[in-house]
Protein chains: 2
Amino acid sequence: MEMVAEKQVKALSERTLRRLPRYIEILKRLKSEKIEFVSSNMIADELGLDSIQVRKDLAATGVTGKPKLGFAIDELINGIKHTLNWDNQTDAFLVGAGSLGSALLGYKTFSDHGLNIIAAFENEPSKVSGIINNITILPIEKLSDMAFRMKVHIGVITVPIDQAQHVADMMIEGGIRAIWNFAPIHLKVPDFVIVENAQLSHSLGVLTHKLAESLKGENK
Amino acid sequence: MEMVAEKQVKALSERTLRRLPRYIEILKRLKSEKIEFVSSNMIADELGLDSIQVRKDLAATGVTGKPKLGFAIDELINGIKHTLNWDNQTDAFLVGAGSLGSALLGYKTFSDHGLNIIAAFENEPSKVSGIINNITILPIEKLSDMAFRMKVHIGVITVPIDQAQHVADMMIEGGIRAIWNFAPIHLKVPDFVIVENAQLSHSLGVLTHKLAESLKGENK
DNA sequence: TAGATTGTTAATCGATTAACAATC
DNA sequence: TAGATTGTTAATCGATTAACAATC
């Protein structure tokens, strides 16, 4: 039981994981400007971070830099993508073809981010059997069986709040292991299921609070 | 210079701010079940948090509980809303009436979250002068002037990546003080402008990474 | 070689968790 | 009164930042 050495054992913190896509953003821009190497300092400046933090984050991807030169941009992009598993695509089902769901179905860029939405599901009969961005909308009853048969591992929930838990249950029954949840509700799931919340209100609350504080400070 | 006592001086951490909307979600549900008091323990259980953390967070809103009884739900909801400034509505402009922007324009619930989108702006002439959810879509050229004249303080950016910085600049020129940014780019803004990023890729990266780790663990 | 930059170990900071007295 | 729950002070934990040796 003495540490069966794996390529990369250290767990990445959630904070680091959330910064990695930001690095990719900067790196892609630099790459398009034909730049080949970048220092941690340059990245830090672009994003308003600390260069030590950038180096720590990048170290977690396993990519190493060269003293005096910095990091090879191509290698770094690939390393970060690999860490996020964005160099593979995982099949996903989306449930809830309302306006947000439809907008997500229209996103071409998810394939660059490891996500491949292969079907959508709906409650509402009038929407069923429509097609958005080449993705067919199926009746919700088929969700569990199809997820199971097609070995789909990711579920995206964009249904109203009162249906979200039920949809999550069906997903899990179908073997789905990770849920990207846009409904403003805390889903109850077994330990082996990963839930990532993408709820607008969380981010909006930070904004409205900070703005109020900032404007208050002015009238002092 | 010795502490001009204000109602509530302690700064709220960003972590706390992000949890506050989750408390509201639970509290509203309990309220609909006619429950009047709730303990920090019950809230913690519902959300998978620690009850001490819940008490600390709630303390930051200024609402106090009663030993043995817990917190009065109505009072708590109001206190949290006040902390987030969700008991006021701040006027906002949205720029970029693509699919995501249009979906956001359709959200009726932003008014419960302190946000009142009063106009949308677009580059694309074919979309200009359309109306979505009673909100008129105007040509982008009018953005700065109108923001200034109408004293709009919040800007929502849902344009493609290559236009986002320019739109942010126009917003700031028009006096906008807080930007809710959905474009996957780090905006450069003066210190007095608040930027809150709502970028899907950040949350998606956490999901795809964790799922990969989880599935890897299984085949060990 | 001198200088810039990496990568790591140590120090600091802030957030979470624990302990416990106060109180209804 | 006894017991449950709050609210606060102290302890722990983890993430950020600092210091610095290694290296190209």
Side-chain angles (χ1 to χ4, degrees), chain A residues 7-20 22-23 26-27 30 35-77 79-80 83 202 205-206 209-210, chain B residues 7-20 22-23 26-27 30 35-77 79-80 83 202 205-206 209-210:
Chain A
K7 181 68 194 297
Q8 181 188 304
V9 186
K10 53 191 138 190
L12 285 132
S13 78
E14 194 142 334
R15 309 295 277 281
T16 294
L17 283 174
R18 285 186 185 279
R19 282 189 294 266
L20 293 182
R22 306 179 62 192
Y23 297 142
I26 295 294
L27 293 168
L30 294 173
I35 297 170
E36 284 180 25
F37 282 84
V38 63
S39 70
S40 57
N41 225 301
M42 205 183 301
I43 298 176
D45 275 358
E46 289 290 334
L47 293 174
L49 301 173
D50 187 290
S51 71
I52 304 167
Q53 185 174 55
V54 172
R55 288 206 293 284
K56 272 256 171 78
D57 285 345
L58 299 187
T61 69
V63 177
T64 56
K66 293 198 204 328
K68 191 136 155 112
L69 264 178
F71 296 83
I73 289 186
D74 269 330
E75 197 187 335
L76 202 43
I77 293 177
I80 297 175
T83 301
H202 300 182
V206 177
H209 169 84
K210 285 187 180 170
Chain B
K7 180 71 194 293
Q8 180 187 305
V9 187
K10 55 190 138 191
L12 284 131
S13 78
E14 195 144 334
R15 309 294 277 280
T16 294
L17 283 174
R18 285 186 184 280
R19 281 190 294 267
L20 293 181
R22 307 179 61 191
Y23 298 141
I26 295 294
L27 294 169
L30 294 173
I35 297 170
E36 283 180 27
F37 282 84
V38 63
S39 70
S40 56
N41 225 301
M42 205 185 300
I43 298 176
D45 275 358
E46 289 290 333
L47 293 174
L49 301 173
D50 187 290
S51 70
I52 303 167
Q53 185 174 54
V54 172
R55 287 206 293 283
K56 272 255 171 78
D57 284 344
L58 299 187
T61 68
V63 177
T64 56
K66 294 199 204 325
K68 191 137 155 116
L69 264 179
F71 296 83
I73 288 186
D74 269 330
E75 197 187 335
L76 203 42
I77 292 176
I80 296 175
T83 302
H202 300 182
V206 177
H209 169 84
K210 285 187 180 171

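To the nearest 0.5 Å, atom CD1 of residue A:Ile43 and atom CD1 of residue A:Ile26 are 8.0 Å apart. Remark: A:Thr64 OG1 to A:Phe71 CZ distance equals 7.5 Å, nearest 0.5 Å. Summarising the geometry, atom CG belonging to B:Leu17 is positioned 11.5 Å from atom CD1 belonging to B:Ile80; distances are rounded to the nearest 0.5 Å. Separating the NE2 atom in B:His209 from the CG atom in A:Leu12 is a distance of 4.5 Å, to the nearest 0.5 Å.
Between the CG atom of A:Asp57 and the C1' atom of C:dT6 there is a distance of 15 Å, rounded to whole Å. In this structure, the CG atom of A:Asn41 is 18 Å from the P atom of C:dG3, given to the nearest Å. Between the CG atom of B:Leu76 and the P atom of D:dG7 there is a distance of 10 Å, rounded to whole Å. For the pair A:Met42 CE and C:dA4 P, the computed distance is 14 Å after rounding to whole Å. Regarding B:Arg15, its CZ atom lies at a distance of 12 Å from the P atom of D:dG14, rounded to whole Å. Between the P atom of D:dA15 and the CG atom of A:Leu17 lies a distance of 11 Å, rounded to the nearest Å. Atom pair A:Leu58:CG and D:dT16:P shows a separation of 13 Å (rounding to whole Å applied).
The side-chain hydrogen bond (donor to acceptor under 3.5 Å, both in side chains) analysis of residues 40-49 of chain A, with sequence neighbours excluded, yields the pairs A:Arg29-A:Glu46, A:Ser40-A:Arg55, A:Glu46-B:Lys188. Under the salt bridge (Lys or Arg N to Asp or Glu O under 4.0 Å) criterion, the residue pairs touching residues 58-76 of chain B are B:Lys31-B:Asp74, with sequence neighbours excluded.
In the helix from C:dG3-D:dC24 to C:dC24-D:dG3, the rotation axis of the first five pairs and that of the last five pairs differ in direction by 10°, rounded to 10 degrees.
Within the 4.0 angstrom heavy-atom criterion, no nucleotide atom of any strand lies near A:Thr16. Looking at heavy-atom distances under 4.0 Å, B:Ser40 makes contact with sugar-phosphate atoms alone, never a base.
Partners of A:Lys210 by side-chain contact (heavy atoms from CB on, under 4.5 Å), not counting sequence neighbours, listed by chain and number: A:Val206, B:Glu14, B:Ile194. Shown here are the side chain to side chain donor-acceptor pair (under 3.5 Å) partners of B:Arg18, two or more places apart in sequence or in another chain: B:Glu196.
Contact check for A:Leu58 versus A:Val63: no side-chain heavy atoms found under the 4.5 Å cut-off.
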Report, as a single string ordered 5' to 3', how protein heavy atoms within less than 4.0 Å touch nucleotides 17-24 of chain D: B base, S sugar-phosphate only, - not at all. BB----BB

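For B:Arg19, no side-chain nitrogen or oxygen approaches OP1 or OP2 of C:dA15 to under 4.0 Å.
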